[in-house]
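Here, residue 1 is the first one in the sequence, and each next residue gets the next number. The figures that follow rest on heavy atoms only: side chains count, while hydrogens, waters and symmetry mates do not.
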Amino acid sequence: MRIWRGLGRGDAMRLLMPKQEWLLIYWQAMNRGAGPYPHHAWWQIGWINDYLMAEAELRSNGQMKFPRGFVAPKVGPHQSYGFAAGTINGEQANLIVNEDLVKVDNPTIDYILAESEKKDKLFVGLLNNRAQATDFQVTVKGKLMKKQLPAVGLEVMTIEK
């Protein structure tokens, strides 16, 4: 009770994590796993991911497509991905997350990372979220490349392993 009364008096600043300035009570509880409260950030991440995957499928005319599941948590139902292989340009591929493999220097460029089922290729789907052509640099496995995508464009890079 004391915490909530303190928030009402404007003492919320004392509850912020010092480095990130996130509300401590919210994020500490969330980082301990599922609990009695619905954690909005997880479903917001799900919605963003759902949107990104739908955009990739639409912009690629179905050439970048992954099967969808469905999550119905306490709040924020959304479609989930990554539980089964999809296709990229007709080839079976699995979504992966590896922050060390790809770096993009422009925040308006999103990317989707996948690996071929044979594990011999890496696919990097690049999406421009601006209504203008955008120049950027992408680093894949330590190799820097200069790129340009048209307005709301998509490119799938195929990297041999």
Taking all non-hydrogen atoms of both residues into account, name the closest pair between [X] and [Y] and its distance.
| X | Y | result |
| --- | --- | --- |
| Ile112 | Leu127 | CD1-CD1, 4.2 Å |
| Leu95 | Gly82 | CD1-N, 3.9 Å |
| Met64 | Gly125 | CE-CA, 3.7 Å |
| Phe83 | Arg68 | CZ-C, 3.4 Å |
| Tyr81 | Phe66 | CE2-O, 3.8 Å |

Can you tell me how far CD1 of Ile159 sits from CZ of Phe123, rounded to the nearest 0.5 angstrom? 10.0 Å

Verify whether one side chain among Glu115 and Asn94 offers a donor that lies under 3.5 Å from an acceptor in the other. no

Looking only at side chains, do Thr108 and Asn129 share a donor and an acceptor under 3.5 Å apart? no

Salt bridge or not between Glu155 and Lys147? Use side-chain N to carboxylate O under 4.0 Å. yes

Side-chain donor or acceptor of Lys103 paired with backbone N/O of Glu99 under 3.5 Å: yes

Taking Glu91's backbone N and O only, do any of them form a donor-acceptor pair with Thr87's side chain (distance below 3.5 Å, no angle check)? no

Could you go step by step and tell me if Gln137 and Asn106 meet the side chain to side chain contact (heavy atoms under 4.5 Å, CB included) rule? CA-CA 7 Å; Gln137 294 181 32; Asn106 189 322; over 6 Å; no

Glu55: partners by salt bridge (charged side-chain N to carboxylate O under 4.0 Å, His left out), with sequence neighbours left out: Arg59

Gln63 and Val156, any side-chain heavy atoms less than 4.5 Å apart: no

Check which hydrophobic residues are tied to Val152 through side-chain heavy-atom contacts below 4.5 Å, counting indirect links as well, and list them. none

